[in-house]
Amino acid sequence: MDYRDHFGFGTMRMPVTVKDDPTSFDFKMIESLFDSFIEKGFKYFDTAYTYHGYHAEKAVRKALVERHPREDFELATKLPLRDFKDEENMQQIFNEQLENCGVEYFDYYLLHNMGSNVYDRCVKYKAFEFVSRMKAEGKILNAGMSFHDTPKLLEEILEKYSSCLDFIQLQINYIDWEEANVQSRRCLEIAQKYNKPVIVMEPCKGGTLVNVPDEAAKLMKAFAPERSIASWAMRFAAGCPGVIKVLSGMNSMEQVEDNCSVFADFEPLSEEEMAVIDKVREIIHSNTAIPCTACEYCTHGCPKNIAIPQYFSAYNSIMRTSGSFSSQSVYYNNLVLAGHGKASDCIKCGNCETACPQHLPIREYLETVASKMENTSILPVRR
C-alpha cells in the first residue's frame, strides 16, 4: 500500500526571516520545501485563516498555488470559529479565503478548533450547515472539523451533525494517548464509531516528541539506530486505525526528507517497538512540567502580550536540566526586553485558557514560571 497520500504538509510554523515576526516569510526556503514535498510524490497541504498572523493563506498562494498546477496538490484550510460574527460573516470569510489562496475550491475545509468554547455559537449560526452548503455548491470537496475537546462533546456533535462532516481532525500522539486533557485514544474510538476518517494533527506534539529526554532517545536509538526520533511518533500516529493522513509542520529540508521517507516506505510500529514507546512515554511524563505544544493560540488577544509558549518552553528546559536556569533566564529576559509582558504581568483575564486546545491551566502555570524565572534571573527584568 502506498502511504504517500497519508502524509500532509502543515503550514502553522513556516520558516521566517525574523524570529518574532510571523509574517516575515522566508519564501525561498518555503518554496524549496514545498517543491521537494511534491517532487517526492506528496500533495496534501494544510493551512488556516489565522496561521502566521492571518497571513499564511496568502503565503501558501504565493509559494504553492501560483507555482504548481492545481492537480498537483490538495489544499485544506479552516474557518476561524472564534472570529466569525454571524452567518453572513462566515460567507465573507470563506470568500476571502478562496481569494487568499487563489483557488476556486478547497479539497478539505474544516471548522477550526472546535470545542465547548465555540460549539454553541456554531449551532446558533449554523456553521455545520454552512460547510454542507459550500460542499453542495462544489466549493468544498470534503468538509470536516479540527477538534480539541472531550470525547463526550465529540460524540454529541457527531450524533447531531454526522451528515455534515466527512472527516475529523484529531490530536493524536503517543504521549497524549491517555492524557486526561486530550484523550487521543477515546476521541479516535468515537470517530470510528461514527465511521469518520481521521486526519492527525500534532503527531510530534509541537516538537516534544522530537526533542525527547536523552534517556528516551537512547532507548530508541538502541533499538533502531537508523531511524530518527521523529519517525517513531509519525509511525505511531499513521498506524492508528481509521487514520487517513498525518500532518507535520516542517520548516527544514532535513524534516521533509526524514518524514517523507517514513511514508514512502511505511511500516507500522511492531509490538517490540510499542513496548519501547511505553517506556519512552514514562520518561517524557517525568521530564515535562508543562505539556504545551507551542501552537500560540493563547497569545492571540493577550492584553499583556505575554510570550506564553516561549516562557513555558524555557521553564520546561530548566526542569529537564535539574533546575539549571542560566541560559534560559537570558532567553526569558530577551523576550521581556523585546516588549513582551512578564509572566507576572498576567491579569488573569482567562482569554488564553479559553483559546488553549490543550485546556491547560495557563494562569496557574504563569505564576509558576514567574516564581522561577523572575526570582532567579541573572539579568535585570524590565519593569
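Aromatic rings from F45 and F37 are positioned such that their centres are separated by under 6.0 Å. Between F42 and H6, a ring centre-to-centre spacing not shorter than 6.0 Å is recorded. Taking the six-membered ring for Trp and the full ring otherwise, the centers of F73 and F34 sit at least 6.0 Å from each other.
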TODO: Apply the test side chain to side chain contact (heavy atoms under 4.5 Å, CB included) to residues E155 and L158: give CA-CA distance (whole Å), side-chain angles for both, the deciding distance (0.1 Å), then the verdict.
DONE: CA-CA 5 Å; E155 182 144 32; L158 291 179; 5.8 Å; no

TODO: Could you walk me through whether K43 and E71 pass salt bridge (charged side-chain N to carboxylate O under 4.0 Å, His left out), step by step?
DONE: CA-CA 9 Å; K43 62 190 307 181; E71 63 271 16; over 6 Å; no

Open item on the list: Does D176 form a salt bridge (charged side-chain N to carboxylate O under 4.0 Å, His left out) with K205? I'd like the steps, not just the answer.
Closed with: CA-CA 8 Å; D176 288 326; K205 197 172 174 68; 3.1 Å; yes

- [ ] May I have the step-by-step check of side chain to side chain contact (heavy atoms under 4.5 Å, CB included) for R363 and E353, ending in yes or no?
- [x] CA-CA 8 Å; R363 290 171 288 184; E353 293 183 7; 2.9 Å; yes

- [ ] Take L111 and F147 through the test side chain to side chain contact (heavy atoms under 4.5 Å, CB included) and record every step on the way to the result.
- [x] CA-CA 9 Å; L111 300 174; F147 183 82; over 6 Å; no

- [ ] Show your working on side chain to side chain contact (heavy atoms under 4.5 Å, CB included) between T208 and T293 and close with a plain yes or no.
- [x] CA-CA 7 Å; T208 298; T293 68; over 6 Å; no

- [ ] Apply the test salt bridge (charged side-chain N to carboxylate O under 4.0 Å, His left out) to residues E367 and K348: give CA-CA distance (whole Å), side-chain angles for both, the deciding distance (0.1 Å), then the verdict.
- [x] CA-CA 10 Å; E367 290 183 357; K348 303 189 184 304; 2.5 Å; yes

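One finds a salt bridge joining E189 and R185 here, because a Lys/Arg side-chain nitrogen approaches an Asp/Glu carboxylate oxygen to under 4.0 Å. In this structure, K218 does not pair ionically with E215, as no charged nitrogen and carboxylate oxygen lie closer than 4.0 Å. A salt bridge is defined here as a Lys NZ or Arg NE, NH1 or NH2 lying under 4.0 Å from an Asp or Glu carboxylate O, and D35 with R67 meets this definition. Taking 4.0 Å as the cut-off between side-chain N and carboxylate O, E74 and K245 count as a salt-bridged pair. Taking a cutoff of 4.0 Å between a charged side-chain nitrogen and a carboxylate oxygen, E87 and K126 do not qualify as a salt bridge. Comment: D46 engages K78 in a salt bridge, judged by a side-chain N to carboxylate O separation of less than 4.0 angstrom. The residues E178 and R281 are annotated as not salt-bridged, no charged nitrogen and carboxylate oxygen being separated by less than 4.0 angstrom.
When only modelled atom types and interatomic distance are considered, Y51 and E57 share no side-chain donor-acceptor pair under 3.5 Å.
The cationic group of R4 does not satisfy the cation-pi geometry with Y44, failing either the under 6.0 Å distance to the six-membered ring centre or the 45° limit from the ring axis. Both the sub-6.0 Å distance and the 45° axial angle are satisfied by K62 relative to the ring of F27.
Within the 4.5 Å cutoff, side-chain heavy atoms of V60 are placed close to those of T11. In this structure, I284 and Y174 have side chains that are in contact, with non-hydrogen atoms separated by less than 4.5 Å. Counting heavy atoms from C-beta outward, I93 and Q97 have side chains that approach closer than 4.5 Å. For the pair L165/M145, a side-chain contact is recorded, criterion being any heavy-atom separation below 4.5 Å from C-beta on. Looking only at side-chain heavy atoms (C-beta outward), M14 and M29 stay at 4.5 Å or farther from each other. For the pair C356 and Y297, the minimum side-chain heavy-atom distance is 4.5 Å or more. Using a 4.5 Å heavy-atom threshold, the side chains of Q183 and W177 count as separate. For the pair F128 and I157, the minimum side-chain heavy-atom distance is below 4.5 Å.
A donor-acceptor contact shorter than 3.5 Å is absent between the side chain of R235 and the backbone of F263.
Taking a 6.0 Å sphere around CD of E99, one finds it holds 12 or fewer heavy atoms contributed by other residues, nucleotides or ligands.
Nearest heavy-atom pair, T50 versus P80, reported as atom, atom and distance to 0.1 Å: CG2-CB, 3.8 Å.
The distance from atom CG of N142 to atom NZ of K135, rounded to the nearest 0.5 Å, is 6.0 Å. Here R70 contributes atom CZ and D72 contributes atom CG; the two are 10.5 Å apart, rounded to the nearest 0.5 Å.
Ring geometry for F84 against Y125 counts as perpendicular: the plane angle is over 60°, on a 0 to 90° scale with 30° as the lower cut.
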